[in-house]
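The structure under discussion appears below in the form of structure tokens.
Every chain is numbered from 1 and lettered A, B, ... according to where its sequence line falls, protein lines coming before strand lines.
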Number of protein chains: 2
Amino acid sequence: MSTTTGQRPMRADARRNYERLLAEAKASFLEHGADASLEEIARRAGVGIGTLYRHFPTRLALQEAVYRVEMDELAAKAYELAETAPPEEGLTAWILTISQYSRKKRGLTQTLKAVIDLQSETFVRCHEDIEQAAETVLTRAQEAGTARPDLRPCDVLRLAHALSVASERAPEDTELLLSFMMDGLRPRS
Amino acid sequence: MSTTTGQRPMRADARRNYERLLAEAKASFLEHGADASLEEIARRAGVGIGTLYRHFPTRLALQEAVYRVEMDELAAKAYELAETAPPEEGLTAWILTISQYSRKKRGLTQTLKAVIDLQSETFVRCHEDIEQAAETVLTRAQEAGTARPDLRPCDVLRLAHALSVASERAPEDTELLLSFMMDGLRPRS
DNA sequence: TTGCCAACCGGAGGCTACCTCCGTATTGTT
DNA sequence: AACAATACGGAGGTAGCCTCCGGTTGGCAA
């Protein structure tokens with residue numbers, strides 16, 4: 001998960017291998033989807049399969065490490081939009097950003113969903129960060145009267161993910177589907 | 001795909017094995033998700049692995065056969081709702097039905113999406129059937145003024161699938177998410 | 001510097017699943 | 001009853017998963 005044990009820093013060779021693995025995993029997941037061969041990742045990283053399993057005991061642990069960074073990027077985008085865009089536009093843009101990000105990852109939307117929904121101990125932290133980001137964008141839209149007051153941050157995340165899945169094979173319809181959703185998020189008139 | 005070659009009927013033993021395989025596949029997919037072991041399916045059907053591959057050359061072919069039947073059931077439900085429920089309620093109920101159906105299948109939502117989105121030759125027929133059903137429900141809602149006129153049947157299918165994925169791990173929120181979506185489907189006021 | 005040991009590495013090995021291929025068995029027709 | 005045509009089954013080669021443990025390396029203390 002982290003590059004430190006929480007006690008002593010990792011040995012130099014361990015840290016080097018950890019980072020090579022992370023880099024190759026990122027590339028492989030992008031290229032082959034979430035079920036990319038772990039043995040190939042180890043091979044490409046120039047490392048034994050045993051080393052991979054030592055650093056990342058399960059496939060999920062590896063995916064988790066890869067996406068932790070990218071989650072941070074998504075959260076950062078939310079705060080950025082909150083400062084640079086008008087409320088409703090910010091919300092729309094952020095949902096679209098998540099959706100595009102998810103699609104880039106092909107089968108990894110499954111993993112992203114786990115981050116959003118699963119109560120897994122290890123995912124809680126990421127979850128909180130991204131939900132905090134969602135809340136920032138959402139609250140602004142609600143205060144501006146362009147989003148229903150009963151909408152919760154996790155609803156926004158789910159809808160964004162839903163959008164990405166729904167339009168995965170028909171990207172050209174993403175805008176239209178998003179417009180349906182956004183209409184649904186406005187206060188009832 | 002079909003139990004006949006289109007020419008001569010299948011031999012008795014072939015047909016028997018075909019149906020056993022289909023039954024076990026249905027059970028296995030339900031139990032283990034879309035990546036259930038094909039060898040186990042053959043084993044449970046009391047049939048050699050070779051026989052499985054002869055009838056269903058790919059995993060997708062098998063999934064396809066299993067879901068063809070269930071697609072028909074979904075379509076039937078749409079026509080039923082069109083006769084027994086008011087327009088908007090019918091649309092809502094049908095989206096919910098699809099969503100529940102998808103969730104039951106765990107990882108098979110992926111396959112369902114393929115049916116809806118993929119232009120695969122073999123899926124076209126199913127696609128047409130289900131889209132026809134979607135159109136029936138949708139048109140009624142549009143004529144009653146409760147659905148946006150620019151909404152297409154495939155949008156409804158995608159949204160339904162999106163709903164099922166989005167609420168897979170939080171079924172208790174399905175209703176709420178659906179209400180957001182339905183608000184979005186109404187004509188702009 | 002040298003020596004030591006905890007930390008780390010690597011890959012062989014046992015397992016399961018995938019898919020192909022072809023000798024054998026079954027069906028139904030003449 | 002005999003013979004094609006059709007279908008069966010599982011051995012076998014490949015690949016991925018994960019574990020286990022003998023060997024190697026890095027960093028610290030003397």
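Across the protein-nucleic acid pair, L62(A) atom CG and dC18(D) atom P stand 11 Å apart, rounded to whole Å. Whole-Å rounding puts the N17(A) CG to dA7(C) C1' distance at 13 Å. Atom-to-atom, CD of E39(B) to C1' of dG9(D) comes out at 12 Å; the value is rounded to the nearest Å.
The closest side-chain heavy-atom distance from E40(A) to E31(A) is not below 4.5 Å.
Comparing dC17(D), dC19(C), dT25(D) against the side chain of Y53(B) picks out dC19(C) as the nearest.
An OP1 or OP2 oxygen of dG9(D) is reached within less than 4.0 angstrom by a side-chain nitrogen or oxygen of T51(B). A close approach under 4.0 Å does occur between a side-chain nitrogen or oxygen of S37(B) and OP1 or OP2 of dC18(C). Distances shown here put a side-chain N or O of R43(B) below 4.0 Å from the OP1 or OP2 atom of dA17(C). Regarding contacts with the backbone of dC8(C), every side-chain N or O of H55(A) stays at 4.0 angstrom or more from both OP1 and OP2.
Of the two residues contacting DNA chain C, namely A12(B) and G50(B), the nearest-nucleotide position lying further toward the 5' end is that of G50(B). Both P57(B) and R16(B) lie close to DNA chain C; mapped to their nearest nucleotides by heavy-atom distance, the more 5′-ward contact belongs to P57(B).
Put simply, the side chain of R11(A) and the base of dA7(C) share a donor and an acceptor less than 3.5 Å apart.
No donor-acceptor pair under 3.5 Å is formed between the side chain of R140(B) and the backbone N or O of E83(B). With R54(B) contributing its side chain and A14(B) its backbone, the two residues share no donor-acceptor pair below 3.5 Å.
Among the heavy atoms of the strands lying under 4.0 Å from R54(B) is at least one base atom, whether or not backbone atoms are also near.
A25(A) and V66(A) get closest at one heavy-atom pair: CB-CG2, 3.9 Å.
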